[in-house]
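In what follows, every heavy atom counts, from backbone to side chain, and hydrogens, waters and symmetry copies are set aside.
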Amino acid sequence: MVDALALISIGLCIQLYLLRYKRNILVTALTGITLLSCIYFYSGQWQWFSLWPKDAVYQEGRGTKPLKAYVHWHEVFNYYLGAKYFPELGYNGLYETVLLADYESGNFSYRQAELRSLREPKKPISANEGLQRAREEFRPKFTDARWQKFTRDVEQFKSLADGGWMDTALFDAGYNPPPSWAVFGYPIANLIPIDQANAWVDGRPHWYMIELLPLFDVLMLFIALALIYRAFGFEAFAAFVILFSTSYVANYMWISGSFFRYTWLFGLIAGICMLKEKRYLLAGIFLGLTSIDRIFPIVFATGAALPLAYQWWMNRKNYKPIAQYLTGFGIAVSVLFLLSLALFGLDAWSAFFTKINIHKNLFFVHHIGYRRIAVFDDLVPGQDFWWGDGLRRMAMWNDRLATKWEHLKWSQLPLMLLTIASNLFAARNIKAEESTLLFGGVVLFFFAIPANYYYIYFPMVAVVLLAAQKSRMRNVIFVALFVLWGFLQCATQLDRDDLIQNYYICCAFFVFFIIWAFGRGYEEIRRIRR
């Protein structure tokens with residue numbers, strides 16, 4: 001934590017004060033802080049997870065050591081299997097069917113009496129009920145050849161798992177991306193057989209094909225960094241690296257080492273970079289792809305369109321930017337949507353929206369949004385949702401919070417709508433790349449409760465603020481961003497209870513979004529008066 005605070009403080013000083021002096025001083029200082037951030041990121045956040053294949057534990061001196069690999073077992077388990085067998089499993093069958101394959105293997109490893117029901121994520125089902133559902137509903141959808149592949153994949157995951165990993169995996173919230181994500185996830189997962197291994201690569205007994213899966217996200221992040229550097233310059237590139245490397249709420253280890261978890265982030269970054277370069281057709285394509293890839297990023301795509309639409313409204317002859325943007329957006333969304341229909345049918349989309357409608361009202365521990373502030377009371381903290389009747393306690397806890405929100409939401413709506421209104425008013429004069437993140441971030445925070453790791457987009461806020469027109473308000477917002485980042489690093493010291501930490505984090509984001517939205521709105525009012 002101290003390292004992170006030091007890095008953020010130095011980065012803040014460099015950006016705010018050295019920016020007015022000689023560029024070579026700035027470049028030297030930023031290079032140093034960026035390198036330190038990368039070291040911190042590699043040592044603290046870039047997690048090399050231990051895999052435990054029985055035949056890959058090798059001698060090192062007098063002891064033994066598990067195979068180290070950049071693979072997040074839990075994440076890959078859900079997203080690789082969920083994508084590869086999506087036509088057979090849909091959104092509800094993964095856990096029950098894995099349980100059946102585990103049971104039929106003759107080496108039953110699942111040790112719990114219950115598992116999570118993906119139909120009703122707040123409720124558990126018994127292992128026996130899960131086995132019965134799998135036999136009756138999901139096993140008949142497999143051909144014998146596909147079932148053999150599935151069972152081999154489950155056995156491979158079991159062989160690479162530490163003792164309790166399977167128990168934890170079947171209590172997760174499951175595989176949730178839309179069918180449009182499976183358009184590329186499904187074929188690529190089927191092209192990479194994880195049960196294959198190559199011997200003696202990189203000095204280790206086995207190099208497993210499963211280690212290829214996380215490299216797609218890594219490649220996209222490197223391309224995104226190159227796009228940021230080209231579009232925004234070195235200062236913005238350095239600010240992104242510093243904030244990305246020291247992120248607390250969206251710590252990279254949450255879903256690092258997974259399978260296509262950052263396609264939406266790559267599309268968002270690429271779209272913003274194209275807006276900066278005024279390549280509006282490409283901006284629309286990338287933001288369209290990220291919207292259909294995860295659905296929720298459509299609020300970012302809407303934010304990008306607001307300044308372009310306003311420019312066209314004020315100058316009817318300047319229609320090309322908004323026309324090109326909407327054309328690119330429409331092409332990207334249409335193509336991916338039609339491909340998903342051809343591959344998986346309309347029922348897959350119906351099942352997806354049913355699942356998302358359930359998830360959008362769930363109060364998980366590490367989800368962040370204004371709703372978490374509004375419903376907080378003395379009964380919120382001090383909860384334990386692990387094992388035993390944890391899911392039942394979580395269901396009752398969720399129901400109480402959801403009921404409280406239903407009673408409160410109309411009284412909270414004026415503030416929420418006023419923030420959006422200020423945001424829309426500010427879009428008249430801010431750049432499209434800033435409006436993308438301002439509108440998208442405000443809508444997500446005030447009208448949804450996304451998981452904390454989706455805030456991994458937040459380092460782009462520093463990028464667009466550095467590219468914004470210089471003003472006193474721009475500097476205030478920039479300072480607030482780094483103060484927010486520093487506060488987040490202190491969150492673990494404020495209280496040991498994760499739910500209380502989450503409350504403080506939500507409050508900090510609330511203050512920042514209020515400063516950003518109302519600050520830009522006030523700035524626009526002053527501009528009009530002048």
What about the rings of Trp181 and Tyr79, do their centers lie closer together than 6.0 Å?
yes

Determine whether more than 12 heavy atoms belonging to other residues, nucleotides or ligands lie under 6.0 Å from atom OH of Tyr229.
no

Between the CZ atom in Phe352 and the OG atom in Ser340, the distance rounded to the nearest 0.5 Å is 10.5 Å

Identify the two heavy atoms, one from Leu466 and one from Glu235, that lie closest to each other, and give their separation to 0.1 Å.
CD1-O, 3.8 Å

Which value, rounded to the nearest 0.5 Å, describes the distance between Thr419 atom OG1 and Ile514 atom CD1?
4.0 Å

Nearest 0.5 Å, what's the CZ-CD distance between Phe300 and Glu433?
15.0 Å

Strictly below 4.0 Å, N to O, side chains only: are Glu155 and Lys158 in salt-bridge contact?
yes

Around atom NZ of Lys149, are there more than 12 heavy atoms from other residues, nucleotides or ligands closer than 6.0 Å?
no

If you apply the rule side-chain contact (heavy atoms from CB on, under 4.5 Å), what do you find for Tyr248 with Trp485, and how did you get there?
CA-CA 8 Å; Tyr248 172 69; Trp485 226 243; over 6 Å; no

Ring pair (Phe, Tyr, Trp, His ring centres under 6.0 Å) partners for Phe329, two or more places apart:
none

How far apart are the closest heavy atoms of Leu227 and Ala270, and which atoms are they?
CD1-CB, 3.8 Å

What is the distance from atom CG of Leu115 to atom CG of Leu94, rounded to the nearest 0.5 Å?
10.5 Å

Spatial distance of atom CH2 (Trp73) from atom CG (Asn78) [nearest 0.5 Å]
8.5 Å

Heavy atoms of Ile322 and Ala309 approach each other most closely as CD1-N, 3.9 Å

Close side-chain approach of Thr263 to Phe184, heavy-atom, < 4.5 Å
yes

Would you compute the distance between atom CD of Glu75 and atom CG of Asp217 and round it to the nearest 0.5 angstrom?
9.5 Å

If we ignore hydrogens and angles and just use 3.5 Å, is the side chain of His367 paired with the main-chain N or O of Ile449 as donor and acceptor?
yes

Are the side chains of Leu213 and Ile194 in contact, using a 4.5 Å heavy-atom criterion?
yes

Plane angle bin for Trp349 and Phe337 - parallel if under 30°, tilted between 30 and 60°, otherwise perpendicular:
tilted

Pairs satisfying salt bridge (Lys or Arg N to Asp or Glu O under 4.0 Å), at least one member in residues 335-349, at least two apart:
none

Are the side chain of Tyr457 and the backbone of Ile269 linked by a donor-acceptor contact shorter than 3.5 Å?
no

Going by ring pair (Phe, Tyr, Trp, His ring centres under 6.0 Å), name the residues that satisfy it together with Phe513, two or more places apart in sequence or in a different chain.
Phe445, Phe458

With a 4.5 Å heavy-atom cut-off, do Asp153 and Lys84 have their side chains touching?
yes

Are the side chains of Val299 and Phe447 in touch, meaning some heavy atoms are under 4.5 Å apart?
no

Does Phe244 reach the side chain of Ile456, with side-chain heavy atoms less than 4.5 Å apart?
yes

Between Asn423 and Ala517 (side chain of the first, backbone of the second, donor and acceptor by atom type, cut-off under 3.5 Å), is there such a pair?
no

Looking only at atom types and distance, does a side-chain atom of Trp516 sit under 3.5 Å from a main-chain N or O of Ile477, one as donor and one as acceptor?
no

Lys NZ or Arg CZ of Lys320 over Tyr280 ring: under 6.0 Å, within 45°:
no

Under 6.0 Å from the CD1 atom of Ile298, do we count more than 12 heavy atoms belonging to anything else shown?
no

For Lys355, is there any backbone N or O sitting under 3.5 Å from a side-chain donor or acceptor partner on Asn176?
no

Heavy-atom nearest pair, Ser291 first then Ala301, reads OG-CB, 3.5 Å

State, with a plain yes or no, whether a side-chain heavy atom of Phe446 is found less than 4.5 Å away from one of Ile420.
no

Using distance alone, with no hydrogens and no angle criterion, decide if Asn190 and Tyr85 have a side-chain donor and acceptor under 3.5 Å apart.
no

If only atom types and distance count, is the side chain of Tyr95 paired as donor or acceptor with the main-chain N or O of Ala169 below 3.5 Å?
yes

Test log, rule side-chain contact (heavy atoms from CB on, under 4.5 Å), inputs Val218 and Tyr262
CA-CA 9 Å; Val218 174; Tyr262 289 127; over 6 Å; no

Nearest heavy-atom neighbours spanning Lys431 and Ala467
NZ-O, 2.7 Å

Is Phe138 close to Glu88 at the side-chain level, that is, under 4.5 Å between some pair of heavy atoms?
no

Do side-chain atoms of Tyr80 reach the backbone of Ala189 as a donor and acceptor pair under 3.5 angstrom?
yes

Does the side-chain contact (heavy atoms from CB on, under 4.5 Å) test come out yes or no for Leu81 and Tyr175, once each step is laid out?
CA-CA 9 Å; Leu81 291 179; Tyr175 165 88; over 6 Å; no

Ring centers of Phe478, Phe482 separated by less than 6.0 Å:
yes

When the ring planes of Phe344 and Phe86 are compared, do they come out parallel, tilted or perpendicular, using 30° and 60° as the limits?
perpendicular

If you apply the rule side-chain contact (heavy atoms from CB on, under 4.5 Å), what do you find for Met220 with Phe260, and how did you get there?
CA-CA 9 Å; Met220 284 189 285; Phe260 282 128; 4.0 Å; yes

Are Phe286 and Ile272 packed together at the side-chain level, in the sense that at least one heavy-atom pair is separated by less than 4.5 angstrom?
no

Can you tell me if Ser180 uses its side chain to pair, donor with acceptor, with the backbone of Ile292 under 3.5 Å?
yes

Do side-chain atoms of Arg520 reach the backbone of Ala427 as a donor and acceptor pair under 3.5 angstrom?
no

Donor-acceptor check, side chain of Thr290 to backbone of Leu287, threshold 3.5 angstrom: yes or no?
no

Heavy atoms only: give me the nearest Tyr186-Arg146 pair and the separation to one decimal.
CE1-NH2, 4.3 Å

